[in-house]
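Please read the structure below before turning to the comments.
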There are 2 protein chains.
Amino acid sequence: MTTVSLDDAADQERKAPGRPRNARADAAIIEAVLELLSAGQSADALSMEAVAAKAGVGKATVYRRWPNKEALLIDAIRTMKGPPPVPAGESVREDLVMLIAGMRNKRMEHYGKVTACLVPELLKSPEMYTIYQSAMEPRRDVMRQVLVRGVANGDLRADLDIELTMLMLSGPTIAQNMLRWNPNVPDQGFAEALVDAVLRGAAA
Amino acid sequence: MTTVSLDDAADQERKAPGRPRNARADAAIIEAVLELLSAGQSADALSMEAVAAKAGVGKATVYRRWPNKEALLIDAIRTMKGPPPVPAGESVREDLVMLIAGMRNKRMEHYGKVTACLVPELLKSPEMYTIYQSAMEPRRDVMRQVLVRGVANGDLRADLDIELTMLMLSGPTIAQNMLRWNPNVPDQGFAEALVDAVLRGAAA
């Protein structure tokens, strides 16, 4: 069984100091957290036992790497977000479409559900909220810089409210990812339609 | 204790068929659900026992009115949303500001947290999602009709994508209510700033 082989690998590794961690078990554990959350498990109800079972590892393997559930959730958020995207930098419209399409694709919709399941936890714990915000800030700043560049090169209005514009691009995307808030807005061409609508008011 | 008096009232009422329900106990129970959810309790972890204790009634009083937790959550959502607002109908801008300010006020921020705590439940249960959508649709339609009227009287562009515009107004508001997604966007004047930015692209 997978449980045994991954645990064995972890044990072997523990016996060989200086070797890298058991990355395969770590990845399976993080993936298990994300799958449980996206299946609608609340962060509250999530147990280290359930994560271990889902990942096919022993509970000790989970605790060896993460001392508690909060630490594990933090790593799961960071993994889920991944490194921020890098815009081409040639056209404000193209860069924004790339960023929004990246938030709205199927993979991220899956992750939107994960975020949704973390929301009660985020609201309960100021520490989790701070962690979530700092996990998000690098990607937020990518969008900010696209808009700043657009203002600087005259594509966007000089008096544009950049922070509000970021929210106008991300908020609708988040509402659809988490709640499918308006089922009458089609997924097909979503990023282009939203960016064009926002730019209609933001263009110089 | 409150527990005793409300239970007594419910019992008396049960003995007098044809009399109205114990509305006071019902309201206390719904309020208890909303308070527990807004304090960060997940719908998953919420128990009928905890609701009864918080409301100061016996568990039997809760079960007399709601057969299970799902039925109770549905009623809590409906109560939380309340009747949809009625716009004055004189200015598209004023009507939209009223609707957005109503979504973003402190009372609704409290309820944004409640909705956030229901999100995992909504994602897990297609039935809960359908119920949530139908609870939301009357208010969504109020906003839709404001935009339809704006297009009809020439204030808004004839080719305006009305469903997308609804999402552009509500999505940022929801993202702030639930996640305080962009802490750099001030609460003060939020509705006016958002509506003006959307109208800049939507005006005829």
Side-chain angles (χ1 to χ4, degrees), chain A residues 37-46 112-125 129 132-133 136-137 140 144 157 160-186 190 193-194 196-203, chain B residues 37-46 112-125 129 132-133 136-137 140 144 157 160-186 190 193-194 196-203:
Chain A
L37 291 175
S38 69
Q41 177 88 84
S42 71
D44 221 29
L46 192 85
K113 290 186 184 174
V114 173
T115 306
C117 294
L118 287 172
V119 166
E121 206 83 351
L122 297 179
L123 296 174
K124 229 181 315 187
S125 152
Y129 179 74
Y132 183 71
Q133 281 286 338
M136 247 181 344
E137 181 51 27
R140 241 190 339 229
R144 184 182 287 118
R157 296 189 303 106
L160 187 69
D161 183 335
I162 287 179
E163 297 296 324
L164 180 64
T165 305
M166 290 158 59
L167 181 62
M168 289 172 67
L169 289 159
S170 304
T173 314
I174 291 166
Q176 290 298 83
N177 280 355
M178 280 200 189
L179 293 170
R180 194 163 175 68
W181 184 82
N182 191 344
N184 301 323
V185 171
F190 175 78
L194 176 62
D196 286 341
V198 170
L199 287 183
R200 202 169 284 127
Chain B
L37 291 174
S38 69
Q41 177 88 84
S42 70
D44 222 28
L46 192 84
K113 291 188 183 170
V114 172
T115 305
C117 293
L118 287 172
V119 166
E121 206 83 352
L122 296 179
L123 296 174
K124 229 181 317 186
S125 151
Y129 179 73
Y132 183 70
Q133 281 286 338
M136 248 182 342
E137 180 52 26
R140 241 190 338 232
R144 184 182 289 117
R157 297 189 302 106
L160 187 70
D161 184 335
I162 288 179
E163 297 296 324
L164 180 64
T165 306
M166 288 157 61
L167 181 63
M168 290 172 66
L169 289 160
S170 304
T173 314
I174 291 166
Q176 290 298 84
N177 279 357
M178 279 200 189
L179 293 169
R180 193 160 176 72
W181 183 83
N182 191 342
N184 302 323
V185 171
F190 175 80
L194 176 62
D196 286 340
V198 170
L199 288 182
R200 204 169 283 126

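Residue numbers start from 1 in every chain, and the chains themselves are labelled A, B, ... in the order their sequence lines are given, proteins ahead of strands.
Heavy atoms closer than 4.5 Å to chain B are found in both the backbone and the side chain of A:L194.
Note on A:I174, A:N184, A:L199: by heavy-atom pairs under 4.5 Å with chain B, the leading option is A:N184. Counting heavy-atom pairs closer than 4.5 Å to chain A, the top-ranked of the candidates B:P172, B:G201, B:A175 is B:P172. Here B:Q133 is the residue among B:M136, B:Q133, B:M166 with the most heavy-atom pairs under 4.5 Å with chain A.
Here the shortest heavy-atom pairing between B:W181 and A:L167 reads CE3-CD1, 3.8 Å. Between B:A197 and A:L164, the shortest heavy-atom distance links the atoms CB-CD2, 4.1 Å. When all heavy atoms are compared, the tightest approach of A:R140 to B:N182 is NH1-CA, 4.1 Å.
The side-chain hydrogen bond (donor to acceptor under 3.5 Å, both in side chains) test applied to B:D161 returns no partner, not counting sequence neighbours. Listed by chain and number, the residues in a side-chain hydrogen bond (donor to acceptor under 3.5 Å, both in side chains) with A:R200 amount to none (sequence neighbours excluded).
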* Test side-chain contact (heavy atoms from CB on, under 4.5 Å) on B:M178 and A:L179 and set out the steps. => CA-CA 11 Å; B:M178 279 200 189; A:L179 293 170; 3.7 Å; yes

